[in-house]
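Below is one structure; the comments refer to it alone.
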Amino acid sequence: MTSNSFSDLKLNDTLVSVTEQLFFKEPTEIQKRVIPEIMNNKNIIGESQTGSGKTHAFLLPLFNQIEENKNEVQFVIAVPTRELAMQIHADIEEIIKLSNKKEEWTSRLLVGGLDRERMKKQLRKTPDIIIGTPGRILDMVKDNAVSIYTATSFVVDEADLMLDLGFLGELDQLLVRCRKDVQTLVFSATIPEKLEHFFKKYLQQPTHIKVESAVTPLTIEHKIVELRHRNPVELIEKIANTVRPYVAIVFANNKEKADKLFKELKAVGLNVGILHGGLSSRERKRMVNDVRDLKYEYIVATDLASRGIDIPGVSHIINIELPSEVDFYIHRVGRTARAGNEGMAISFFNEKDAELIEELEKRGITFAYSDITSDGWIDRKPWNKRVTRKNKTTDIDRLAWQQVKKPKKVKPGYKKKMKNQQEAIKRNLVQQKNKFRKK
């Protein structure tokens, strides 16, 4: 039977009321399929694309089975980044607030950058839910500040990024400190083969729920713009004047490029924030809050810092350079067109990106090859459909080019002047060659 409402999923009246206050019209596909299985105490591998509602797919059923006034940890939620932990903790606090259960339900955020001693003091009152990064949770467990042995459910969110960042060792140490029958719930947009060993070790007879859908939401328009040695800031300015994004995330491939881009965009007068792993804990916390409060029109980010963060109102994604992997592109563009809304992804590319573009097109992504001018968007021919010029360079061409005087200083139009020189020298060489033949 198809579940068209949260009450159909057997959630209690309190949580059904929470979904109504959150303006959730009906469960998403992953929620319809996962929530009943979690409530039946099944181990889960949940796989669906970014923005499909995975977070509430595990939060709602966990809250549904929470036991009130129990002075022990009931659920552990491990995530790969501070920012994602902070966001999920905010989601947890919102559910508690809307449920009017501030006294009965408690949670604690455990991430790096916060004062360790203060954190230990706060854990003296044992929370029902722990949410944090694997390293910091493990620190608190090893320091005997908290025990997770009592937990009935253990959630691993963004599992593929956990693997990429090398957190499986910490997860292993945490799970061996849990009871053997702990319910293990693993969620991710993609499930790499390298996680199979982890699954076999910790998930007894798991239910693998994969929501098949388009690689990216069908409501995203993908534009691709050849950079051609232009400054990305110049193009972003033109985009800003043409489309005027509500909120745009501008991706760079590393924090050094992100810092440089942030300063340049700020210098041209754009309302811009920045989010990456190089910020101090205080800066990151403030920036995450500012971003969620829609204080910026543009947010410069890296893949790591933005992973899993739900930034409201993102209308555009701008990649100043394409990432090295297909999955990173999919995760980036998944920040927009969430909950059925429309979005646009604009990517700058060079010839080196040809292989990635081909792979994305094979996965079903349709790119609109474009350029941006002061007057707006114009269409371009796809890079792989352009007629390749045949090399017609002759020995005379090469000889003429060798005799061209190269300017000491590069000035506007120098290429044209050099080409004219080459043509003149070439004509003289041809005349000399013809005279020689006549003799």
For the pair K238 and E234, find out whether any cationic side-chain nitrogen is under 4.0 Å from an anionic carboxylate oxygen.
yes
Write down the atom of G53, the atom of T28, and the distance for their closest heavy-atom approach.
CA-OG1, 4.2 Å
Within-4.5 Å side-chain heavy-atom neighbours: F349 and L322
yes
Can you find a heavy atom in the side chain of H56 that is under 4.5 Å from one in the side chain of I95?
yes
Relative to each other, are the rings of F24 and F6 parallel, tilted or perpendicular (30° and 60° limits)?
tilted
Using 30° and 60° as the class boundaries, would you call the ring planes of F58 and F187 parallel, tilted or perpendicular?
tilted
Kindly compute the distance separating CD1 (I96) from CD (E103), expressed to the nearest 0.5 Å.
11.0 Å
Between CD1 on residue I35 and CD1 on residue I30, distance to nearest 0.5 Å
9.5 Å
Does R380 pair with E226 as a salt bridge, N-O distance under 4.0 Å?
no
When you check the gap from the basic side-chain N to the acidic O, do E361 and R363 get nearer than 4.0 Å?
no
Answer yes or no: is there a donor N or O on one side and an acceptor on the other, between the side chain of T373 and the main chain of G376, under 3.5 Å?
yes
Contacts of S280 that satisfy side chain to side chain donor-acceptor pair (under 3.5 Å) - sequence neighbours left out
E283
Walk me through whether E93 and S107 qualify under side chain to side chain contact (heavy atoms under 4.5 Å, CB included).
CA-CA 8 Å; E93 292 293 293; S107 68; 2.6 Å; yes
Taking every heavy atom of N43 against every heavy atom of T184, the minimum-distance pair comes out as OD1-N, 2.8 Å
Begin from the C-alpha positions of L123 and L110 and carry the test side chain to side chain contact (heavy atoms under 4.5 Å, CB included) through to its verdict.
CA-CA 10 Å; L123 287 169; L110 304 182; 4.1 Å; yes
To the nearest 0.5 Å, tell me how far Q87 CD sits from I92 CD1.
11.0 Å
Keeping S99 on the side-chain end and K101 on the backbone end, is there a donor-acceptor pair under 3.5 Å?
no
For residues L174 and V76, determine if any side-chain heavy atom of one lies less than 4.5 Å from a side-chain heavy atom of the other.
no
Any chance you could measure L84, atom CG, to I77, atom CD1, to the nearest 0.5 Å?
10.0 Å
Please determine if K255 and D259 form a salt bridge, counting it only when a charged side-chain N lies under 4.0 Å from a carboxylate O.
no
Go through K194 and D164 one step at a time and tell me if the salt bridge (Lys or Arg N to Asp or Glu O under 4.0 Å) criterion holds.
CA-CA 10 Å; K194 290 182 180 178; D164 292 341; over 6 Å; no
Determine whether a donor-acceptor pair (N or O, by modelled atom type, separation under 3.5 Å) exists between the side chain of Q74 and the backbone of I129.
no
Do L165 and M162 have side chains that get closer than 4.5 Å, going by heavy atoms?
no
Search all heavy atoms of Y246 against all heavy atoms of S315 and return the closest pair with its distance.
N-OG, 3.0 Å
Shortest non-hydrogen contact from L203 toward I44
CD2-O, 3.7 Å
Evaluate the side-chain proximity of I45 to I209: yes if any heavy-atom separation is below 4.5 Å, no if none is.
no
Is the shortest side-chain heavy-atom distance between M119 and R136 below 4.5 Å?
yes
Plane angle bin for F367 and Y369 - parallel if under 30°, tilted between 30 and 60°, otherwise perpendicular
perpendicular
Shortest non-hydrogen contact from A85 toward I131:
O-CG1, 3.7 Å
Gap separating the CG atom of N350 from the CG atom of L227, nearest 0.5 angstrom:
5.0 Å
Atom CD of E196: over 12 foreign heavy atoms under 6.0 Å:
yes
Does R244 come within less than 4.0 Å of E297, counting only side-chain N to carboxylate O?
no
From NE2 (H89) to CD1 (I130), nearest 0.5 Å
10.5 Å
Any luck finding a side-chain donor-acceptor pair between K142 and Q173 under 3.5 Å?
yes
Does the side chain of T133 come within less than 4.5 Å of I137's, by heavy atoms?
no
Are side-chain heavy atoms of T302 and N253 found at a separation under 4.5 Å?
no
Could you walk me through whether K54 and D157 pass the salt bridge (Lys or Arg N to Asp or Glu O under 4.0 Å) test, one step at a time?
CA-CA 9 Å; K54 288 192 294 292; D157 197 18; over 6 Å; no
N-O pairing of E117 and K120 below 4.0 Å:
yes
By side chain to side chain donor-acceptor pair (under 3.5 Å), which residues pair with T19, not counting sequence neighbours?
none
Could you tell me which non-hydrogen atom of Q65 sits nearest to which non-hydrogen atom of M39, and how far apart they are?
OE1-CA, 3.8 Å
Assess whether atom NZ of K266 is packed by more than 12 heavy atoms of other residues, nucleotides or ligands within 6.0 Å.
no
Using only heavy-atom distances, determine whether the side chains of H316 and Y298 contain a donor-acceptor pair under 3.5 Å.
no
So, T106 and D128: side-chain donor and acceptor under 3.5 Å apart, yes or no?
yes
Verdict with reasoning, K201 to D172, per side chain to side chain contact (heavy atoms under 4.5 Å, CB included):
CA-CA 9 Å; K201 187 173 182 180; D172 185 77; 2.7 Å; yes
Output, in order, the C-alpha distance, side-chain angles, deciding distance and verdict of side chain to side chain contact (heavy atoms under 4.5 Å, CB included) for D160 and H331.
CA-CA 11 Å; D160 56 346; H331 282 300; 3.4 Å; yes
Between the main-chain N or O of F348 and the side-chain N or O of E321, is there a donor-acceptor pair closer than 3.5 Å?
no
Any sub-3.5 Å donor-acceptor pair from N254's side-chain atoms to K257's backbone N or O?
yes
Strictly distance-based, threshold 3.5 Å: is any side-chain N or O of R33 a donor or acceptor partner for the main-chain N or O of K210?
yes
Does a sphere of radius 6.0 Å around CZ in R228 hold more than 12 heavy atoms from other residues, nucleotides or ligands, not counting ones at 6.0 Å or beyond?
yes
